[in-house]
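The next block holds one structure in the form of structure tokens; read it before the comments.
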Amino acid sequence: MIEASEIIVQKAASSRLSQVTLKNVPFGKYFTDHMLEADYENGEWKAVEIKPYAPLQLDPATAALHYGQAIFEGIKAYKDINGSIAIFRPFENFRRFNVSAERMQMPAVPEEIFIEGMRALINLDQAWIPDQEDHSLYIRPFMIATDDVIGVKPSEKYKFLIILSPTGPYYDKPMRIYVEENYTRAAPGGIGFAKAAANYGASMLPTAKAKELGYDQVLWTDAFEHRYVQEIGTMNVFFVIGDTAYTPDLSQGTILDGITRDSVITVLGDMGLSVVEREISIDEIVAAYAEGQLKEVFGTGTAAVISSIRELRYKDYVMEFDVSKWTIAPEVKSRLAAIRNGSANDEHGWLYRIS
Ligand SMILES: *Cc1c(COP(=O)(O)O)cnc(C)c1O
């Protein structure tokens, strides 16, 4: 077994930080000086190394490139108002990563590598964490199958990596969403609950078609009737109807078990709202809108945290919202920001402090 102390650290000769402006840095475009890389071979993880960020050298037959054994996570680290660094709920991502790994017949990554490796890597590249408001360090752990043999079977070799990307405020202009009725993201028995690369490749054509119609993303519906709503892009979805917040439940295995979703459910409860997790049909949403009871609709995910939806289109029926009048989504957003930046008490123990 790998111990945290066995992580080999090979430092970059010089830092590229001076070439990057951290203020308002775009999402996912720049990467820090170092990355973590670990190899799985003969049934065990070995050679855990933090080293200078660099391209990977892969055999053209690399299994992940052909048969899609590839999974990932998305996490954020923040500098609070006192300059101390914390990662937001990384143990939840660690757990979910290994749920994805199991579904894709990939090996589990031990905590010593996932959490301790992440901690050591962030510690080394901590100068890259922007300290402006709404800025953060996006953490991308991922695993790929690396057998260099063509053939549909689980790989015997894997690579686990963590890369880090400083990020500015997500440009979260309220979204226009198209309710998808032809394409399907996930069906029971499939891989919808896994953060597997294949889910995102499959979403690009339907999303591109919605974009042609002027929409930002699609709201996925169930595979059988295209009637029950699921989620949006890389976000879970919430509907405030009357005084209750509703979000689709996870029981079908067709929705990603979002950590922001879970945090938002808790914060809505802290705010005194009742939150219901259950099947939600599009007819019910349309009816609530027609009665003036559909107050707010928003997406939740690590990248944008909370994204308001200003328009929801189902067939030819357009539901529009005056986002400027909303109270709930903005309050959830500011409560989460206050926990992260240290101005509110971290009463749920969500921050994993690394300094
Ligand atoms: C990552 C992701 C989410 C959001 O999960 P968080 O843990 O909140 O970031 C929701 N849906 C899909 C499909 C995702 O990939």
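Numbering of residues begins at 1 and proceeds along the displayed sequence. Order of listing sets the numbers, starting from 1, for every ligand and every atom in it. Just so you know, these numbers use all the heavy atoms, side chains as well, and skip hydrogens, waters and symmetry mates.
Between Arg227 and Asp283 there is a salt bridge, since a side-chain N of the basic residue sits under 4.0 Å from a carboxylate O of the acidic one. Arg353 has a carboxylate O that lies under 4.0 Å from a charged side-chain N of Asp80, or vice versa, which qualifies the two as a salt bridge. Ion pairing between a basic and an acidic side chain is recognised when a charged N comes within 4.0 Å of a carboxylate O; Arg335 and Glu331 show such pairing.
An N or O contact shorter than 3.5 Å links Thr260 to ligand 1 by distance. The N/O atoms of Asn93, backbone and side chain alike, include none that comes under 3.5 Å of an N/O atom in ligand 1.
If you run side-chain contact (heavy atoms from CB on, under 4.5 Å) between Thr300 and each of Ile265, Val305, Asn236, only Asn236 comes through.
Under a 4.0 angstrom heavy-atom cut-off, Glu92 registers as lying outside contact with ligand 1. Contact between Arg185 and ligand 1 is present, with at least one heavy atom of the residue lying under 4.0 Å from the ligand. Remark: distances from the non-hydrogen atoms of Ser263 to ligand 1 are all 4.0 Å or more.
When only non-hydrogen protein atoms are considered, atom 15 (O) of ligand 1 lies nearest to Tyr200 OH, 2.4 Å. With respect to atom 4 (C) of ligand 1, the closest heavy atom belonging to the protein is Thr234 O, 3.5 Å. The closest protein non-hydrogen atom to atom 9 (O) of ligand 1 is Thr302 OG1, 2.6 Å. In terms of protein heavy atoms, atom 14 (C) of ligand 1 is closest to Lys195 NZ, 3.1 Å. Residue, atom and distance of the protein heavy atom nearest to atom 11 (N) of ligand 1 are Glu231 OE1, 2.5 Å.
Proximity of Ile259 to ligand 1, defined as any heavy-atom pair under 4.0 Å, is shared by backbone and side chain alike.
Judged by distance alone, the side chains of Ser343 and Asn341 do bring a donor and an acceptor atom under 3.5 Å apart.
In this structure, Tyr40 has its ring center at least 6.0 angstrom away from the ring center of Phe160. Taking the six-membered ring wherever Trp is involved, the centroid distance between the rings of Phe238 and Phe298 falls below 6.0 Å. Separation of the Phe94 and Tyr352 ring centroids does not fall under the 6.0 Å cut-off.
With Tyr178 as the aromatic partner, Arg313 does not meet the cation-pi criteria of under 6.0 angstrom to the ring centre and within 45 degrees of the ring axis.
Atoms of ligand 1 found under 4.0 Å from any heavy atom of Arg96, numbered from 1 in the order shown, are 5 (O), 6 (P), 7 (O).
The closest heavy-atom contact to atom 5 (O) of ligand 1, among the options Gly258, Gly299, Gly233, comes from Gly258.
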